[in-house]
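Here is the structure we will look at.
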2 protein chains.
Amino acid sequence: MSFSPAIRELVEAFRTLPGVGQKTAQRMALYILERNRAGGERLSQALQTAVEQVGHCNECRTLSETDLCPICADERRDTGLLCIVQGPLDVFALEQTGYKGRYFVLKGHLSPLDGLGPEAIGIPELLRHIDTHQYTEVILANNPTVEGEATAHYIAQLLQDKPLSLTRLAQGMPMGGELEMVDGGTLIQAFAGRKPVQF
Amino acid sequence: MSFSPAIRELVEAFRTLPGVGQKTAQRMALYILERNRAGGERLSQALQTAVEQVGHCNECRTLSETDLCPICADERRDTGLLCIVQGPLDVFALEQTGYKGRYFVLKGHLSPLDGLGPEAIGIPELLRHIDTHQYTEVILANNPTVEGEATAHYIAQLLQDKPLSLTRLAQGMPMGGELEMVDGGTLIQAFAGRKPVQF
Ligand SMILES: [Zn+2]
Ligand SMILES: [Zn+2]
């Protein structure tokens, strides 16, 4: 390795990011140093600020630097609808659908083999949250994976006696998907959920 | 966009990196905040240190935080050999070959359409460098691209009357390359440079 220590350390620090290998980290470090030092200072400052100030929303547990995140603080949202997701990125994805209810953000899915039980992912907080709000519908938007399905099923059982309608996102062919490219599990769901043609 | 301001700014700051789009930037920001805040602080500090301290080596012009980069400061290197490259990453790549001479790092290749003439890429400094050293061979390791070839040709003309041997990296089939996958230009070079089989 022929770089000087400060460059080497910058490359190593970039490598801690997800999906960033040695070559990509080198390219990032040299881009900052050769072409965009202002961008480097901006990123340095943004990291410092975010790490120091961002905690979790008191209501929905998503990442937020205020006690209430912008969604929970928005009084125009539908307070009768709750959508349960496994992480903050899912909130961002669902916001693009036009959903206007509330969220509760778990810390991942149940995964007994990894030691992730109900407490670890925030199920007790979820139950307290539901008990202190007046929701009419709870949408279990856990991922359609083995662990996501198991988590949704577990939550559904805990909530089944409450006066709530429990729903799950529809499964089927992704928009723009081609039959030959879609996996078998998705195809089975799409078949099982087939609907009459609307004229 | 439903993130709070500090997260939004962190996502935007990650987007200034090369090859990082919106989704990747979000994943990086949430990874730092949810799983690796120590990594975030390390990257913040590494960026600050590098942007403040890294300049250019007085000898070879590569990025370095010391007046002499580790290679130029290494007295065991062969001081009769100079390798001219278009940027600091090329130094790193060539170090892996076991090359033990010196380098001179240009700021890219000549590109008249982009306003990059000899001054912009550091040709005057290169000539001064060569005049104040005793090199016996100068290796023109500019990329085998149109602009790289033009730059190598330009430098070769400037140096042709000096008592130096001028060389260029060999061109041909890349190791592991398959005939049907290699582009025509490479194949032409490989054909023209064909060699007798050694027994
Ligand atoms: Zn919230
Ligand atoms: Zn140097």
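The sequence lines fix the lettering, A, B, ..., with proteins before strands; numbering per chain opens at 1.
- Cluster membership for B/I139 and B/I71, using ILVMFWY side-chain heavy atoms within less than 4.5 angstrom, is shared.
- Residue pairs meeting the side chain to side chain donor-acceptor pair (under 3.5 Å) criterion with at least one partner in residues 145-159 of chain B, sequence neighbours excluded, are B/S111-B/E147, B/E149-B/R168.
- Shortest non-hydrogen contact noted between B/A50 and A/A6 is CB-O, 4.2 Å.
- B/T16 and A/R42 make their closest contact through CG2-NH1, 4.1 Å (heavy atoms, listed as atom of the first residue, atom of the second, distance).
- Between atom CZ of residue B/R8 and atom CZ of residue A/F92 there is a gap of 10.5 Å, rounded to the nearest 0.5 Å.
- For a heavy-atom cut-off of 4.5 Å, chain B lies close to A/M28, A/L30, A/Y31, A/I32, A/L33, A/E34, A/N36, A/R37, A/G39 in residues 28-39 of chain A.
- Side-chain heavy-atom separations under 4.5 angstrom define the hydrophobic clusters, and A/L68 shares its cluster with no other residue.
- Two different hydrophobic clusters hold B/L81 and B/Y135 under the rule that ILVMFWY side chains link at heavy-atom gaps under 4.5 Å.
- The closest side-chain heavy-atom distance from A/E9 to B/Q45 is not below 4.5 Å.
- Separation of atoms CG (A/L47) and CG (B/L47) is listed at 7.0 Å; rounding is to 0.5 Å.
- The two residues B/S64 and A/S4 come nearest to each other via the heavy atoms CA-OG, 3.7 Å.
- When hydrophobic clusters are built by joining Ile, Leu, Val, Met, Phe, Trp and Tyr residues whose side-chain heavy atoms come closer than 4.5 Å, directly or via intermediates, A/V146 is not grouped with A/L110.
- Scanning residues 112-121 of chain A against chain B with a 4.5 Å heavy-atom cutoff picks out nothing at all.
- Counted within 6.0 Å of CD on B/Q134, heavy atoms from surrounding residues, nucleotides or ligands total 12 or fewer; the atom is thus considered open.
- Side-chain heavy atoms closer than 4.5 Å link hydrophobic residues (I, L, V, M, F, W, Y) into clusters, and following such links, possibly through other members, connects A/L164 to A/F104.
- Counting only heavy atoms from C-beta outward, the side chains of B/V51 and A/L10 never approach each other to under 4.5 Å.
- Proximity of a side-chain donor or acceptor of B/S44 to a complementary backbone N or O of A/S44 within less than 3.5 Å is detected.
- A distance of 11.0 Å separates CZ of A/R27 from CG of B/L17, quoted to the nearest 0.5 Å.
- To the nearest 0.5 Å, atom CD of residue A/E65 and atom CD1 of residue B/I7 are 6.5 Å apart.
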